[in-house]
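These notes concern the structure reproduced below.
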Amino acid sequence: MATGGSRAAHRAAQAEAFDRIGERYDEAFPYKGGQIASAEWILRKLRPGARVLDVGCGTGLPTARQFLDAGCKVTGIDISPVMLALAEKNVPEADLRRLDVVDLDATLGRFDAIVAYFSLSMLRRDEIMVTLLTLHELLLPGGLLALGMVEIDVDNAPVHILGTPIRMTGYARCALRAVVQEAGFSVREQMDLAYVPASEREPLEMQLFLNCRRNTF
């Protein structure tokens, strides 16, 4: 297990990387059909005014905007000040916080649904399991979780996004499903989608979306 200091340095580097690419992110990755479809699955099961936590909300597009337009109350967290500044313009109605998902606790209250599209990929594997357990506790009984990750069997490996070095974690699809189930969720729907970025400099990737319900222990 890494020390708190090394974790802080790792997170600061990740935040700085997303600060650098923030203005170009939505332009470089405009095709978010899988993410939108996953959020629609969640929305069909929520009551009006439901509380939704968007983990790694980025610019607020499309997900926070999607839930707000449907009448949900959205809290968005991110570690990048630049991303949050963009979100403040795109989704000013949301409750936006500069907050690391690994530092989440009960002070935000509990939620009807939590979405984490590609944000957990920025953690190490040991942090992902702990974080999933925390998200389980933040959900109301029967609450919903939507998770998106790139299918890649690595732990905290260096990659480049828009020419910027970032460290990323991923799983093979069966392994990701097993991790989510171990954390106390039942997988109700899974989508595996090939994704072609707008820029030829970014590689083809397989995106995994898991729509889940919180088990009651």
Side-chain angles (χ1 to χ4, degrees), residues 32-80 83-84 86-123 127-149 176-191 193 207-217:
K32 298 186 173 72
Q35 185 169 327
I36 291 170
S38 172
E40 283 292 342
W41 184 93
I42 298 287
L43 277 169
R44 288 194 295 269
K45 294 166 175 54
L46 292 180
R47 58 176 174 77
R51 294 195 74 214
V52 178
L53 175 64
D54 187 356
V55 175
C57 62
T59 67
L61 302 176
T63 300
R65 180 80 272 156
Q66 189 176 357
F67 281 100
L68 286 165
D69 288 347
C72 296
K73 298 176 181 178
V74 177
T75 298
I77 65 170
D78 207 287
I79 61 173
S80 164
M83 288 289 196
L84 286 172
L86 293 167
E88 286 171 359
K89 297 177 182 178
N90 293 326
V91 288
E93 315 97 304
D95 176 12
L96 300 171
R97 313 280 186 100
R98 186 180 178 188
L99 183 62
D100 188 342
V101 66
V102 300
D103 294 327
L104 276 177
D105 57 31
T107 58
L108 287 182
R110 302 185 78 184
F111 296 87
D112 300 284
I114 297 175
V115 295
Y117 295 122
F118 308 104
S119 50
L120 301 194
S121 298
M122 302 301 110
L123 308 178
E127 295 174 321
I128 288 174
M129 176 53 75
V130 172
T131 297
L132 285 171
L133 292 170
T134 299
L135 298 183
H136 185 280
E137 292 305 308
L138 290 179
L139 280 169
L140 291 164
L144 304 170
L145 170 72
L147 179 67
M149 293 187 77
L176 176 60
R177 191 181 183 104
V179 167
V180 170
Q181 290 172 332
E182 184 180 351
F185 296 94
S186 59
V187 179
R188 300 303 178 90
E189 180 180 79
Q190 180 170 337
M191 295 183 292
L193 302 175
Q207 295 183 342
L208 310 177
F209 294 94
L210 300 183
N211 295 328
C212 313
R213 188 175 293 277
R214 177 192 190 271
N215 293 336
T216 302
F217 294 127

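The shown structure was predicted, so the numbers you read here are calculated from the model rather than taken from an experiment.
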**Asked** Would you say S119 and V101 make side-chain contact, with heavy atoms under 4.5 Å?
**Response** no
So CZ of F209 and CH2 of W41: to nearest 0.5 Å the spacing works out to 14.0 Å
In short, A106 meets L138 closest at the heavy-atom pair CA-CD2, 4.1 Å
Checking L210, L144, V180, N211 against F185 for side-chain contact (heavy atoms from CB on, under 4.5 Å), the one that qualifies is V180
_Can a donor-acceptor pair be found, under 3.5 Å and without considering hydrogens, that links the side chain of H136 to the backbone of N215?_
yes
_Heavy-atom check, side chain of T75 versus side chain of F111, under 4.5 Å_ = yes
_Candidate pair L46 and V52, rule side chain to side chain contact (heavy atoms under 4.5 Å, CB included), full reasoning_ = CA-CA 10 Å; L46 292 180; V52 178; 3.9 Å; yes
_Within the structure provided, determine whether L84 and T59 are in side-chain contact (heavy-atom separation under 4.5 Å)._
no
Close side-chain approach of K32 and L61, heavy atoms under 4.5 Å:
no
Per side-chain contact (heavy atoms from CB on, under 4.5 Å), I114 is matched among L104, L147, V55 by V55
Shortest non-hydrogen pair, L133 vs A183, comes out as CD2-O, 3.6 Å
Below 4.0 angstrom, N of the basic side chain to O of the carboxylate: do D112 and R47 qualify?
yes
Closest non-hydrogen contact found for A39 with Y117 is N-OH, 3.1 Å
Check: K73 and F67 side chains under 4.5 Å, non-hydrogen atoms
no
d(R213 CZ, I42 CD1) to nearest 0.5 Å is 8.5 Å
Would you say the side-chain atoms of E40 and Q66 include a donor-acceptor pair closer than 3.5 Å? yes
Determine whether Q190 and R177 satisfy the following criterion, side chain to side chain contact (heavy atoms under 4.5 Å, CB included), listing intermediate values before the conclusion.
CA-CA 9 Å; Q190 180 170 337; R177 191 181 183 104; 2.7 Å; yes
Contact between L132 and L120 at the side-chain level, heavy atoms closer than 4.5 Å - yes or no?
yes
*From CA spacing to verdict: side chain to side chain donor-acceptor pair (under 3.5 Å), D78, S80*: CA-CA 6 Å; D78 207 287; S80 164; 4.7 Å; no
Is the shortest side-chain heavy-atom distance between C57 and L96 below 4.5 Å? yes
Output for pair (Q181 CD, S186 OG), nearest 0.5 Å, gives 8.0 Å
Apply side chain to side chain donor-acceptor pair (under 3.5 Å) to T63 and D54, showing your working. CA-CA 8 Å; T63 300; D54 187 356; 4.9 Å; no
key: Any V74 side-chain heavy atom under 4.5 Å of V91 side chain   = no
dist L176:CG -> I128:CD1 (nearest 0.5 Å) comes out at 8.5 Å
* With distance as the sole test, does R214 use its side chain to make a donor-acceptor pair with the main-chain N or O of L139 at under 3.5 Å? -> yes
Would you call E93 and R65 a salt bridge, using N to O less than 4.0 angstrom?
-> yes
Separation between CE (M129) and CD (E182), nearest 0.5 Å, reads 4.0 Å
Rounded to the nearest 0.5 Å, the CD atom of Q35 sits from the CZ atom of F118 at a distance of 6.0 Å
Would you check if the side chain of S38 reaches a backbone N or O of G34 as a donor-acceptor pair within less than 3.5 Å?
no
